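Encoded as structure tokens, the structure appears first; notes follow it.
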Number of protein chains: 2
Amino acid sequence: MAEVDTRQRILDAAESLFTEHGFDATTLRQITGAAEVNLAAVNYHFGSKEELIREVFRRRLTWLNQQRLQELDRLEAEAGGAPLKPSRILEVFFGVALKMAADTEGGGRSFMRLLGRTYSKPSEFVRGFLAEEYAAVLARFKAALIKALPGVPGEEILWRFHFMLGAMSYAISGTDALHMVAEDALDDSDPEALYARLMSFMIGGLRAPLPKLQAGPAKRPRIKKAA
Amino acid sequence: MAEVDTRQRILDAAESLFTEHGFDATTLRQITGAAEVNLAAVNYHFGSKEELIREVFRRRLTWLNQQRLQELDRLEAEAGGAPLKPSRILEVFFGVALKMAADTEGGGRSFMRLLGRTYSKPSEFVRGFLAEEYAAVLARFKAALIKALPGVPGEEILWRFHFMLGAMSYAISGTDALHMVAEDALDDSDPEALYARLMSFMIGGLRAPLPKLQAGPAKRPRIKKAA
DNA sequence: GTATGATTCAAACAACTGTTTGAAACATAC
DNA sequence: GTATGTTTCAAACAGTTGTTTGAATCATAC
């Protein structure tokens, strides 16, 4: 019984401290201190600091991605084979994440900020299982978007999806960054408003006119002249 | 004479190692090893590791922001008081950054990746002078954008600017992240193409319809019915 | 009660951290 | 040449890191 309690307390403390100071700058002594457990408890319950980090991610990420897939399933079932509205797809993917990020009490907010930062700087040993957790989800959403946007090349969609991940990451970890730079602070206290803002920005970006790419390696002339 | 060489070699090695492993995970012994200088050289030339980090940023950031202000000056002078096209403003701000990021040889690319990550996780002691370096630039570009988009509230512009910073950050540090997740790798070998992609995405986002913000602290009903 | 296994605890471990030191090597001016 | 100031170097410093250890405590079943 005490096991669960201790594990949970360590995970919660670690998640919060990792978010605040990063992995390397957070020591096991800080974690066990905040969790009010013995130092050796981390190695006893998780084996090592690296395994603890992985578990911090696994705990939330698995649920998050299951939720995303589940909602996409529901949406596609409702549509019955017809392509979805791109905005609906984005709403599922980012809506679930932002909903989690809005959960200040359960620690979801802390985790999402951590995830955003880690995603852009995957320490070698998280990269592997992060890819593992994300692979299926990314594939599903990419396929849905390609189907929803028949006119847009798949590569372009992937890039724009990538840009959107960046926007979301900053939106969540957000105010820390802009706050430091803009004195007239942005109000991020309202998750609904943030969600609405981010979503209209993303949809605008997703539906933007395609860039004029010139002189690529596989340039294809418009009209084939006689050779 | 040797001083300059040593300082420079340390800064270059530090920049590259910080980008790859982060500040905390990079040790002075790694840096001095890569730079092929004595361990004590860092403390002799920079005073401390923290000062070294600050100098790594200062070296590039000062130039980068000067460049941005300079180009904005030129643009506004040409316009002669008339509001600029929003896309032109973005082209200056992000174009300069992406040009630097495209500089693989001079180390600019490495630095921009580092900057993008640091911006979203400012260790307490970089935050201060990072804000210092950015304050003037942000203010200028914000003002220009507000002038260029008279219909859009200033707060909305700031948010969208923030989202764009996120998109750019991911675009630069980019492929590491998406690469790990999408097997059909994105080709980021062409900076021109990346620039074009990012720019049309951003402009699309910037010009997107305003979000419908409901039930804020100042909710205003559409039609006031009889009570 | 005793026995068995899981969990906690204080203490120690070796390895590594940023920093300091004092002598050596170097450059430059006289 | 000597003198002076700067830069390099190997070695050591004290402090912190993640991890291990072996005894103590707890819970549960018999």
Side-chain angles (χ1 to χ4, degrees), chain A residues 1-59 114 118 121-129, chain B residues 1-59 114 118 121-129:
Chain A
M1 203 50 48
E3 183 208 337
V4 178
D5 237 34
T6 301
R7 272 183 64 100
Q8 210 76 12
R9 283 225 301 280
I10 291 175
L11 285 171
D12 290 341
E15 180 177 82
S16 149
L17 284 168
F18 286 155
T19 303
E20 217 167 329
H21 307 113
F23 299 130
D24 306 298
T26 302
T27 73
L28 291 187
R29 283 166 180 81
Q30 290 178 269
I31 295 172
T32 54
E36 295 180 327
V37 302
N38 187 272
L39 169 62
V42 169
N43 287 279
Y44 176 76
H45 285 285
F46 299 95
S48 69
K49 187 184 180 183
E50 287 201 359
E51 279 297 334
L52 169 62
I53 294 176
R54 266 189 279 262
E55 193 54 36
V56 165
F57 279 95
R58 187 152 24 218
R59 179 171 67 144
L114 178 61
T118 309
K121 174 204 164 191
S123 323
E124 300 81 40
F125 72 96
V126 259
R127 173 178 300 211
F129 97 102
Chain B
M1 203 52 45
E3 182 207 338
V4 178
D5 237 33
T6 301
R7 272 183 65 99
Q8 210 75 13
R9 283 225 301 279
I10 291 175
L11 285 171
D12 289 342
E15 180 177 82
S16 147
L17 284 167
F18 286 154
T19 303
E20 216 166 330
H21 306 112
F23 299 130
D24 306 300
T26 303
T27 72
L28 292 186
R29 285 167 178 81
Q30 289 178 269
I31 295 172
T32 54
E36 295 180 328
V37 301
N38 187 271
L39 168 63
V42 169
N43 287 280
Y44 176 76
H45 286 284
F46 299 94
S48 68
K49 187 183 180 183
E50 286 201 1
E51 279 297 334
L52 169 63
I53 295 177
R54 266 189 279 264
E55 192 54 36
V56 165
F57 278 95
R58 188 152 24 217
R59 178 171 69 145
L114 177 62
T118 308
K121 175 205 164 190
S123 322
E124 299 81 36
F125 73 95
V126 258
R127 173 178 299 209
F129 96 102

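By convention in this document, chain letters (A, B, ...) are assigned in the order of the sequence lines, proteins followed by strands, and residues within each chain are numbered from 1. Predicted model only: the values in this text are computed from it and were never measured.
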Grab the [atom1]-[atom2] distance between [X] and [N] for me, whole Å please.
X: A:Arg7; N: C:dT8; atom1: CZ; atom2: C1'; value: 16 Å
X: A:Asp24; N: D:dG18; atom1: CG; atom2: C1'; value: 12 Å
X: B:Leu39; N: C:dG18; atom1: CG; atom2: C1'; value: 8 Å
X: A:Ile31; N: D:dT17; atom1: CD1; atom2: C1'; value: 12 Å
X: A:Ile10; N: C:dC9; atom1: CD1; atom2: P; value: 11 Å
X: B:His21; N: C:dT17; atom1: NE2; atom2: C1'; value: 17 Å
X: A:Asp5; N: D:dC26; atom1: CG; atom2: C1'; value: 15 Å
X: A:Glu36; N: C:dC9; atom1: CD; atom2: P; value: 11 Å

Would you give the length of the straight line joining atom [atom1] of [X] to atom [atom2] of [Y], rounded to the nearest 0.5 angstrom?
X: B:Ile31; Y: B:Glu15; atom1: CD1; atom2: CD; value: 11.5 Å
X: B:His21; Y: B:Thr27; atom1: NE2; atom2: OG1; value: 10.0 Å
X: A:Asp24; Y: A:Ile53; atom1: CG; atom2: CD1; value: 7.5 Å
X: B:Leu114; Y: B:Phe23; atom1: CG; atom2: CZ; value: 4.5 Å

What's the closest nucleotide to the side chain of [X] if the choices are [options]?
X: B:Arg29; options: C:dA10, D:dC9, C:dT19; answer: C:dT19
X: B:Asn43; options: C:dT20, D:dT20, D:dT8; answer: C:dT20
X: A:Asn38; options: C:dT19, C:dC9, D:dT20; answer: C:dC9
X: A:Thr6; options: D:dT19, C:dT21, C:dT8; answer: C:dT8
X: B:Tyr44; options: D:dT7, D:dT20, C:dT19; answer: D:dT7
X: B:Leu28; options: C:dT8, C:dT20, C:dG18; answer: C:dG18

Contact nearer the 5' end of DNA chain D, comparing B:Ala40 with A:Lys49: B:Ala40
Sugar-phosphate only, base, or nothing, as touched by B:Thr26 at under 4.0 Å among non-hydrogen atoms: sugar-phosphate
Salt-bridge contact B:Glu55-B:Arg59 (side-chain N to carboxylate O under 4.0 Å): no
Side-chain N,O (A:Thr27) to OP1/OP2 (D:dT16) below 4.0 Å: no
Short side-chain N/O contact from B:His45 to OP1 or OP2 of D:dT6, under 4.0 Å: no
